[in-house]
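Along the sequence shown, residues are numbered consecutively beginning with 1.
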Amino acid sequence: TKDTDYTVSYNPTDDRNAGTMVTVTVTGVSGTAYAEQRAVKTYEIARATLTVETPCATKIYDGETLTAADATIEGLVGEDNGKVTITATGKQTDPGSSENTYEINWGEVNKDNYEIIETLGTLTVVELEVIVTVEGGKYEYDGNLHQAEVKVEALMDGVPCPMPDVYSYSVKDDVPAATNVADTKTTGAKLESFSVTILKDGVQVNPQPVITYDLDNSAVTITPYEGEVIVTIVGKSLVTHFTGKEQSVEGYTVEGPAEFADEFSDDNVMLEDGKTAKVLGTNVGEYTMGLTSASFVCSNTNFSSHNVKFDVQDGKLTITNRPEELRYPIQLVANSSEEAITYDGQSHSVKGLASATLTYMKDEVDGQIENNDDGTSTVTFVVGEETVFTLTTSAIYAEATNVSSYPVGSEDIKIQVFLNDNDVTDNFVLSTFTPGTLTIKPRPVIITANDNPNEVYDGEAYDPNNDMEDPTN
């Protein structure tokens, strides 16, 4: 046991720095079994091992100095702990490599007490190398422009990483982009005119760094919209007055849903082969086009054809009778006896029309008259090249025997007008009717007295009339 069986002494007694020679004497204590024993040993204080490590760092050249100051120091002993600081001092600005050196602030610590083992990092500045990736995609049609994403990155040891902030880039055209299914851009390994220019602080870098293009997935593909789409189709309609000529209405309007309001028109919503959106009519009535959902087909490739539904309102032509103030006026003039008829005791008559005039639009059309034996008349009005109106009248006549002037027809005459056997009378008005005249004038009578003086007496009163000639003979 120390200090009981033996004692230890040092010479010198207070020097602990490395390199000092120290003598150690061990002496047995008197009165113990070790009293006559004594041992002496001399040794040198060795330096402690201190490990210093500085970090590595790599960056792309940007004109700024590369440093990595977070150095570490391990192995300080005793009271030296916490009294020593270390800082990495290495610097690298231009492309190349250098060691990340360091400085130690020893303070009151004797640096000769330590043997330093250092592991120095490397500071590396590399030339800018760029990889440009054009990433397309597949999009369901939504009416918006979809463009491939251009990603410009630096390459370090073959691994993409962000470019230093001092660098930017500009893109030359022909980046794949599409809005419609038909616009889909399918690109191969290279885009013909696409390129990227690298800038440093806004100024083009000369010469340009090595640029690698990855365009394998650059295609932008638009697929048809798969949701149900209701397209409203309204056949055109027309309400018009009767003219006697064939009238028509043609066409239809197309309206897509609000979210695709501009996507549908009669350019891509079309009639099926053999279908028409036209209706013709001449006579008063309602005529329909006969449009149904089966009449149409959609050629807009942005939408799946089986999901495009048609809500169809049929078109129609409605021809109405002309209002009273717009009816076509007809002027009729009845026949008259060519000259006064001398009374002859017989019955005489005048029938039918002398003239008939139709005012059609701005034209006055003279009718072709056929007077019938029963006093009625049939009048044909030919308007233009194809339109033929047929007018019939009630009986127009006068019949008399005795001397007088008689009207032929009256203002209560009835008319009917036909177009292709259809009664269209309500579109015409008898604006004027001029009756004719049947005139029978007196017959002149010549009276000649009997000059026979030799009347034989017969006992009767003499009557000269018995010898007068019958004026009707």
Side-chain angles (χ1 to χ4, degrees), residues 56-64 66 92-97 124-227 229 256 259-264 267-268 298-305 307-308:
C56 294
T58 302
K59 78 166 188 174
I60 297 166
Y61 173 74
D62 61 3
E64 301 293 330
L66 172 65
Q92 183 70 33
T93 302
D94 295 327
S97 298
T124 302
V125 176
V126 297
E127 296 279 6
L128 176 64
E129 184 178 349
V130 174
I131 181 169
V132 177
T133 305
V134 180
E135 190 71 31
K138 182 179 291 187
Y139 307 91
E140 184 179 18
Y141 176 77
D142 60 6
N144 297 316
L145 177 68
H146 295 276
Q147 186 168 341
E149 178 186 1
V150 178
K151 185 186 295 184
V152 180
E153 298 172 292
L155 278 176
M156 289 185 63
D157 296 327
V159 178
C161 62
M163 288 201 305
D165 292 341
V166 295
Y167 292 105
S168 59
Y169 62 91
S170 62
V171 176
K172 187 180 177 182
D173 54 18
D174 204 22
V175 176
T179 299
N180 302 308
V181 171
D183 298 335
T184 292
K185 304 295 185 184
T186 54
T187 57
K190 182 182 292 185
L191 295 174
E192 292 183 0
S193 61
F194 173 78
S195 65
V196 166
T197 299
I198 303 300
L199 312 174
K200 181 176 182 291
D201 295 326
V203 179
Q204 180 173 324
V205 174
N206 288 312
Q208 285 284 287
V210 174
I211 301 177
T212 301
Y213 291 90
D214 180 0
L215 308 176
D216 292 344
N217 298 311
S218 59
V220 175
T221 302
I222 307 297
T223 61
Y225 179 75
E226 292 297 335
V229 176
E259 62 270 34
F260 298 116
D262 298 327
E263 301 299 324
F264 296 93
D267 290 332
N268 54 37
C298 179
S299 65
N300 190 332
T301 57
N302 291 326
F303 301 87
S304 295
S305 58
N307 286 335
V308 177

Among Val220, Ile222, Thr223, side-chain contact (heavy atoms from CB on, under 4.5 Å) partner for Lys138: Thr223
Hey, are the side chains of [X] and [Y] touching, using non-hydrogen atoms and a 4.5 Å cut-off?
| X | Y | answer |
| --- | --- | --- |
| Thr212 | Val132 | no |
| Val134 | Asp214 | no |
| Val152 | Ile198 | yes |
| Phe194 | Ser218 | no |

For the student: nearest non-hydrogen atoms of [X] and [Y], plus distance:
| X | Y | answer |
| --- | --- | --- |
| Cys161 | Glu153 | O-CB, 3.4 Å |
| Ala148 | Gly136 | CB-CA, 4.0 Å |
| Tyr213 | Val196 | OH-N, 3.0 Å |
| Asp62 | Lys200 | O-CE, 3.5 Å |
| Leu66 | Ala57 | CD2-O, 3.5 Å |

query: To the nearest 0.5 Å, what is the distance between CE (Met163) and CD1 (Ile60)?
result: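 Met163 CE to Ile60 CD1: 8.5 Å, rounded to 0.5 Å.
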field: Inter-residue atom distance Thr301.OG1 - Tyr225.OH, 0.5 Å rounding
entry: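 It is 16.0 Å, given to the nearest 0.5 Å.
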- prompt: side-chain hydrogen bond (donor to acceptor under 3.5 Å, both in side chains) with Tyr141: which of Glu263, His146, Glu226?
  reply: Glu263
